[in-house]
Protein chains: 2
Amino acid sequence: MSCREESAATLRRAGHRVTSAKLLVIEALRHAEDHLSATAVIEQVRRDSPHVNESTVYRTLGALRDSRLISETTFGHGEVAYEWLGERPHHHLVCNSCGAVDELSDEIVAGFAEQLSRTHGFVADLQHLAVPGVCAKCANETAGR
Amino acid sequence: MSCREESAATLRRAGHRVTSAKLLVIEALRHAEDHLSATAVIEQVRRDSPHVNESTVYRTLGALRDSRLISETTFGHGEVAYEWLGERPHHHLVCNSCGAVDELSDEIVAGFAEQLSRTHGFVADLQHLAVPGVCAKCANETAGR
DNA sequence: CTGACTAATGCAACAACTTGCAAGAGCGAG
DNA sequence: CTCGCTCTTGCAAGTTGTTGCATTAGTCAG
């Protein structure tokens with residue numbers, strides 16, 4: 001199955017209609033294999049089809065997020081980043097000092113969620129968490145000084 | 001010490017100049033004893049001093065957040081909520097189903113942060129976390145059906 | 001108390017999103 | 001294949017938050 005057909009099938013499975021705008025947004029995020037800002041997605045989509053309206057992209061991003069096909073994350077203060085959610089859930093460690101974004105497997109986060117369930121009966125929905133802080137490298141440099 | 005003098009002292013300690021705009025923003029948040037949206041803060045500030053510019057309030061909220069005097073949290077998708085950070089750190093459990101916001105003590109979160117430190121050397125800065133999910137009540141109702 | 005240095009503010013333009021509405025297009029029924 | 005229901009889209013106007021710059025006003029040294 002081609003990449004495009006796969007995207008179409010995913011869309012259909014999630015109850016969306018298969019339109020060129022949605023496909024373009026999905027392709028942009030899949031091929032980026034990284035976080036993209038809304039503006040970057042618009043730019044990428046327009047590289048292929050300049051006529052696509054920006055509000056359509058915003059609406060599509062919101063719809064795909066609600067269907068759990070992509071994640072919407074706020075890194076630090078300001079920008080919203082979108083990312084294709086492929087296989088397993090994952091999370092991010094964002095360094096406030098150097099800006100590095102590291103990946104965090106789901107295990108620790110899942111343990112945290114389980115604790116919340118045990119103690120508060122709260123079923124946490126942590127599919128894509130961005131944890132702010134200071135990375136090991138920056139923490140060392142600061143301590144050394 | 002009056003409430004206002006206390007706010008002024010807090011501002012000074014954090015390296016800010018004591019201005020009426022900053023005091024009004026702080027008082028609004030302190031007396032609310034709850035989360036306020038940026039718009040609500042502007043409204044509240046203007047009830048006392050209608051001449052204060054909205055961009056000043058936005059800038060003040062940003063400055064106070066950077067000084068750790070207030071927290072900036074995103075509940076669900078959309079609005080940003082500000083809250084006065086009094087004593088001890090605390091967090092929130094936000095129900096996606098009924099919208100209830102419950103408080104979460106820092107203990108569990110601190111344990112999570114410690115794990116991140118042990119496994120990744122990452123010093124997490126989780127002073128005010130909003131965990132999305134489904135509260136115990138809503139989870140029960142769904143299960144019962 | 002006075003002057004000066006610099007943070008804070010107001011203003012207006014800008015950037016980043018959102019929303020209502022009418023026109024267009026996907027997709028399932030027949 | 002065609003019809004029609006309804007989801008999507010484009011457009012334009014509206015929110016919400018940000019930024020550059022000139023002016024105002026806290027603070028602190030003297």
Side-chain angles (χ1 to χ4, degrees), chain A residues 4-5 7-28 35-46 48-67 69-70 72-82, chain B residues 4-5 7-29 35-46 48-67 69-82:
Chain A
R4 174 153 298 217
E5 280 163 2
S7 299
T10 309
L11 268 180
R12 225 179 302 266
R13 229 176 297 131
H16 293 277
R17 288 189 181 168
V18 178
T19 64
S20 62
K22 287 213 174 82
L23 284 175
L24 284 166
V25 169
I26 290 189
E27 300 292 288
H35 300 90
L36 288 183
S37 68
T39 316
V41 174
I42 291 171
E43 210 170 280
Q44 180 60 45
V45 166
R46 288 217 167 135
D48 292 348
S49 307
H51 66 280
V52 176
N53 194 278
E54 54 175 329
S55 71
T56 300
V57 176
Y58 281 118
R59 269 190 282 226
T60 301
L61 288 171
L64 295 178
R65 173 204 60 211
D66 290 344
S67 306
L69 297 180
I70 64 175
E72 182 189 75
T73 316
T74 310
F75 289 123
H77 307 113
E79 340 191 77
V80 177
Y82 293 91
Chain B
R4 173 153 299 219
E5 280 164 3
S7 299
T10 308
L11 269 180
R12 226 180 301 268
R13 230 175 297 131
H16 292 277
R17 289 186 181 171
V18 178
T19 65
S20 61
K22 286 215 174 77
L23 284 175
L24 284 166
V25 169
I26 290 189
E27 300 291 289
L29 288 167
H35 300 88
L36 288 183
S37 69
T39 316
V41 174
I42 291 172
E43 209 171 281
Q44 180 60 45
V45 167
R46 288 217 167 135
D48 292 348
S49 306
H51 67 281
V52 175
N53 194 278
E54 53 175 333
S55 71
T56 300
V57 175
Y58 281 118
R59 268 190 280 227
T60 303
L61 287 171
L64 295 178
R65 172 203 61 209
D66 290 344
S67 306
L69 298 180
I70 64 175
S71 71
E72 182 187 75
T73 316
T74 309
F75 289 123
H77 306 112
E79 338 191 78
V80 177
Y82 294 91

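Side-chain atoms are counted along with the backbone in the values below, which use heavy atoms only and exclude waters and symmetry mates. Chain letters run A, B, ... following the sequence lines, proteins first, then strands; residues in each count from 1. No experiment lies behind these values; they were computed from the predicted model shown.
B:V25 places a side-chain heavy atom less than 4.5 Å from the side chain of B:L64. Residues A:I26 and A:L11 meet the side-chain proximity criterion, which asks for heavy atoms closer than 4.5 Å. Within the 4.5 Å cutoff, no side-chain heavy atoms of B:L61 are placed close to those of B:E72. For the pair A:R46 and A:E54, the minimum side-chain heavy-atom distance is below 4.5 Å.
Rounded to whole angstrom, the span from the CG atom of B:L24 across to the P atom of C:dG10 amounts to 10 Å. Between the P atom of C:dA25 and the CG atom of A:L23 lies a distance of 16 Å, rounded to the nearest Å. Per the geometry, CD1 belonging to B:I42 stands 9 Å off C1' belonging to D:dT16, to the nearest Å. When rounded to the nearest whole Å, the span between CG of B:L64 and C1' of C:dT9 equals 15 Å. Distance CD (B:E54) to P (C:dA12): 12 Å, rounded to an integer number of Å. Counting to the nearest Å, the P atom of C:dA16 and the CG atom of A:L61 are 14 Å from each other. With rounding to whole Å, B:Y58 atom OH is found 19 Å from C:dC14 atom P. In this entry the distance linking CG of A:N53 with C1' of D:dT8 reads 12 Å, nearest Å.
The shortest non-hydrogen separation linking A:L69 to A:A14 is CD1-CB, 4.0 Å.
Side-chain nitrogen and oxygen atoms of B:T39 include at least one within less than 4.0 Å of the OP1 or OP2 phosphate oxygen of D:dG17. A sub-4.0 Å separation between OP1 or OP2 of C:dT9 and a side-chain N or O of B:T60 is present. Contact annotation: A:T19 side-chain N/O to D:dT9 OP1/OP2 distance is under 4.0 Å. Contact annotation: B:R12 side-chain N/O to D:dT27 OP1/OP2 distance is under 4.0 Å.
Listed candidates were C:dC17, C:dG10, D:dT27. Nearest to the side chain of B:R17 is D:dT27. In the set C:dA8, D:dT9, D:dT16, the nucleotide with an atom closest to the side chain of B:H16 is C:dA8. Among the nucleotides C:dC17, D:dG17, D:dT9, the one closest to any side-chain atom of A:V80 is C:dC17. Checking D:dT9, D:dG10, D:dT27 against every side-chain atom of A:K22, the shortest atom distance belongs to D:dT9. The side chain of A:H51 approaches D:dG10 more closely than any other nucleotide in the set D:dG10, C:dG10, C:dC17.
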Task: side chain to side chain donor-acceptor pair (under 3.5 Å) between B:H35 and B:T73, worked out - done: CA-CA 9 Å; B:H35 300 88; B:T73 316; 5.1 Å; no

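The base of D:dT18 is not paired with the side chain of B:R59 by any donor and acceptor separated by under 3.5 Å.
Base contact: A:S55 has a heavy atom under 4.0 Å from a base atom. As judged by a 4.0 angstrom heavy-atom cut-off over every strand, B:A63 is placed among residues making no nucleic acid contact.
Mapped onto DNA chain D by nearest heavy atom, A:V52 and B:Y82 fall at different nucleotides, with A:V52 at the one closer to the 5' end.
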